Trainee: 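My questions will all concern the structure given below.
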Amino acid sequence: MRYASVVVDVPAKGTDKLFDYEIPNKFAGVIQPGMRVIVPFGSRKLTGFVVQLKNETDIDSVKPIHSLFDPEPVLNHELLELGAWLSETTLCYKITAFQAMLPAAMKTRYIKEIKPSSSAQLENLPEEIRTAFEKGGPLSWEDLPSSLVAVVQKEIRNGNLQIDYRVEQKQKKRLVKYVKPLLPVHELEEQLQHLPARAHKQKEVIQFFIDHPNPILLTELTNSIQGASIAVKALIKKGILTEEQVEIYRDPYEHKQFPRTKPLPLTDEQKRAMEPILDKLNRHEHEVFLMYGVTGSGKTEIYLQAIEKVLNEGKEAIVLVPEISLTPQMVQRFKSRFGSQVAVLHSGLSSGEKFDEWRKIYRKEAKLVVGARSAIFAPFQNIGIIIIDEEHETSYKQEESPRYHARDVAIYRGKYHQCPVILGSATPTLESFARAQKGVYTLLTLKERVNRRPLPEVHIVDMREELRNGNRSMFSRTLFEKLTDRLKKGEQSVLLLNKRGYSSFVMCRNCGHVIGCPHCDISLTYHRHGEKLKCHYCQFETAMPSRCPECGSEHIRFFGTGTQRIEEELNRLIPEARVIRMDVDTTSRKGMHEKLLNAFGEKKADILLGTQMIAKGLDFPDVTLVGVLSADTMLHLPDFRSGEKTFQLLTQVSGRAGRHELPGEVVIQTYTPEHYSIQLASLHDFETFYRQEMKMRKSFAYPPYYFLILITVSHPNAIKAAEVTEKIGQYLKLHLSNEAQILGPVSSPIPKMKDRYRFQCMIKYKREKNLYRTLKLLFEHYEEDMSQTDLKLMIDLNPYTIL
DNA sequence: AGCACGCCGACT
DNA sequence: GTCGGCGTGCTC
């Protein structure tokens, strides 16, 4: 093959295509699709992904590939195709899709350096530049003092200096030096005699190797013999020792012990769920399973046993978990069962550690990856099963380009490898549950907890009642009593303040009425500027009322309280209680999260107070009370999924209480106790919630009945941004079917970002034959504007948060 | 993206 | 007549 088509490392509209390069003879047969190469591009050098080889090209002036960047392909055939599919279905650049599949450490760095050209006469160069070169090697363009820029440019023109473009990978492999003797012990003893008398250090080193003739880490040697490195160098020169560079992995779990566990006996219910999975595994067929099982029903054990079967057949497995740095227990369970076959990928690792875990997978040293969203791109060749745990978690959707959902990628890969995909959750997304109801996915249900412990009793407290009774505090009397009771018994409590988002809704403290949009079934957002209430979905806005439109009370105001204020109030009310507060402020430093949780686990505190982050994966035997301070904050966010998210959160947090011997209790404080999300969560009744919520989704044309697309337009000029958004809406009305609804334009929930004004419009559609084409044409239509006037268009297909 | 090319005003 | 400012368009 004479030519290679390359996707070049420039994420831009004009370069989002294939560039053909000639394959020089020296690389013939070496260059393969999926490899990264360094290619000349204009006057620079860039990396690019080879996507295909061919013998013909339409380009008259093809340049040759400069060099290889990887010795072997980093993307296999499947991942190359997956990248193309990703860029098509999420409307991102090809290069962006490819890069998303590799660890960030493998991104390339471009270094621009100045060096004297080969023909240059150094003595002709100006003094200041010459001295700069004498100090050492080429000068980096970035560090060049501004005083020298003009001179350097002049000398480049004169041909005395030239610019060198270098390409490097951000993260290097970690190498360590091993030293070992080249000679057998008796010859070493002989050498000892021949050394000069004053070479004490060298003698000492040789003696060391006589005693321990095995290879040793250079650093370990210098630990036992101070200053040995110079002596070692001399001995290597003499041919007595030799050194060897060995590549090592940075192992984040190096010092942790994982006692081995064996498969547990399955309950009848677990066996029944396991059967169809095993059947598909045996037939090597693809199928998506939705495993809907209450908290504690033993989903993980089913995952483990299915994986065991897959690994025994010599195949690989991917397990996605929401964010495992938060749940070390999860890693523990997999490592304990499968040992060193497990690679772990999550955001708590450094980029170097992620790189090393990736390479373990790439080299087939790991057969199972447990990781967050991006682990779905693990470079396996022979996948036997893919599992997505806590399927409903929003973190599976990437919010930057490529805006993919890990579930979609999992199903793509599952089809490719003809293997089962398991989605597991106690509170599945409506999308997945609806698909299971329709038979698109196979539903597996686990209704019983493994240890037969009952689900905790949930009390709903009406905070309006509290106010009427003169209690203006954040703590209801019920919660206060139960907290002091636990304190007396020496048991622990968890308090959750679910405060998400910055936008505040307006609520009447007297009757609990929340002011909503008459067109969207979404609460209105308070805007301090102009004292207005606005809908983030449609154009509706209204003035901030001074009295509640329902009951006429003056106790109407916007909501939003911080954990800090609650901690203060807690200290005032129960001064003897020891409180650990967990929020963004107290956990921003690395390791703090685990440290605080460990402290709580060691019973160094009575109450754990925190935001969302404490809802997941906590498992402490002495926690017998969970309090949700205000269930409403999330319920009234201007997001059609707020009911679903509230139900999920309440169900999840309820699962934190009474997991072991002691029975648990949950107190949910709310101003809207009658809301079905809260009522049904307290009854642990997902299925009724599902039916109720589906009715709402149907009548307001939301997913899963309709698909959504969110288009965000940004421009430094607010009027321009609004105008373009308006035009885009009209364009779409023209080109999409009558079935599609186009809402907006409205100001984006973050109306101004980085000095750019943002407007958005939303499309609701059922089926659109030419959807991708229409959206691509839309991009092209505004191309001129985009480059000329600094306009930016963002399209999110199936957005998760509209906030 | 980033770089060359090209056209304009300001200065030696 | 040259230097350097930024708008425009291309990169196999």
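Everything quoted here is computed from the prediction, not taken from an experiment. Convention: sequence-line order gives letters A, B, ...; per-chain numbering from 1.
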Trainee: Can you check the A/Lys94 NZ to B/dA1 C1' distance for me, whole Å?
Mentor: 17 Å
Trainee: Could you work out which one of C/dC12, B/dG2, B/dA4 sits closest to the side chain of A/Ser43?
Mentor: B/dA4
Trainee: How close or far is atom C1' of B/dA1 from atom NZ of A/Lys792, stated in whole angstroms?
Mentor: 12 Å
Trainee: Could you tell me the separation between the OH atom of A/Tyr21 and the P atom of C/dC12, rounded to a whole number of Å?
Mentor: 5 Å
Trainee: Rounded to whole angstrom units, what separation is found between the CZ atom of A/Phe19 and the P atom of C/dC10?
Mentor: 12 Å
Trainee: Output the rounded distance in Å from CD1 (A/Ile65) to C1' (C/dC12).
Mentor: 11 Å
Trainee: Whole-Å distance between C/dC10 C1' and A/Lys63 NZ?
Mentor: 11 Å
Trainee: Between A/Glu768 and A/Ser737, is any side-chain donor less than 3.5 angstrom from a side-chain acceptor?
Mentor: yes
Trainee: So, OP1 or OP2 of B/dC3: does either fall under 4.0 Å of a side-chain N or O from A/Lys112?
Mentor: yes
Trainee: In whole angstrom, what separates A/Tyr110's OH from C/dT11's C1'?
Mentor: 13 Å
Trainee: Does a salt bridge link A/Asp164 with A/Lys112, judged by any charged N lying under 4.0 Å from a carboxylate O?
Mentor: no
Trainee: How is A/Phe41 classified with respect to the nucleic acid when contacts are heavy atoms under 4.0 Å: base, sugar-phosphate, or nothing?
Mentor: base
Trainee: Ignoring the backbone of A/Val10, work out which of B/dA1, B/dC3, C/dC12 is nearest its side chain.
Mentor: B/dA1
Trainee: Would you verify whether the NZ or CZ of A/Arg359 falls within 45 degrees of the ring axis of A/Phe355 while also being under 6.0 Å from that six-membered ring's centre?
Mentor: yes
Trainee: Give one of base, sugar-phosphate or nothing for A/Tyr165, where a contact means two heavy atoms less than 4.0 Å apart.
Mentor: sugar-phosphate
Trainee: For A/Asn55, is the CG atom crowded, meaning more than 12 foreign heavy atoms sit under 6.0 Å from it?
Mentor: yes
Trainee: A/Leu46 has an atom CG; how far is it from atom C1' of C/dC12, in whole Å?
Mentor: 12 Å
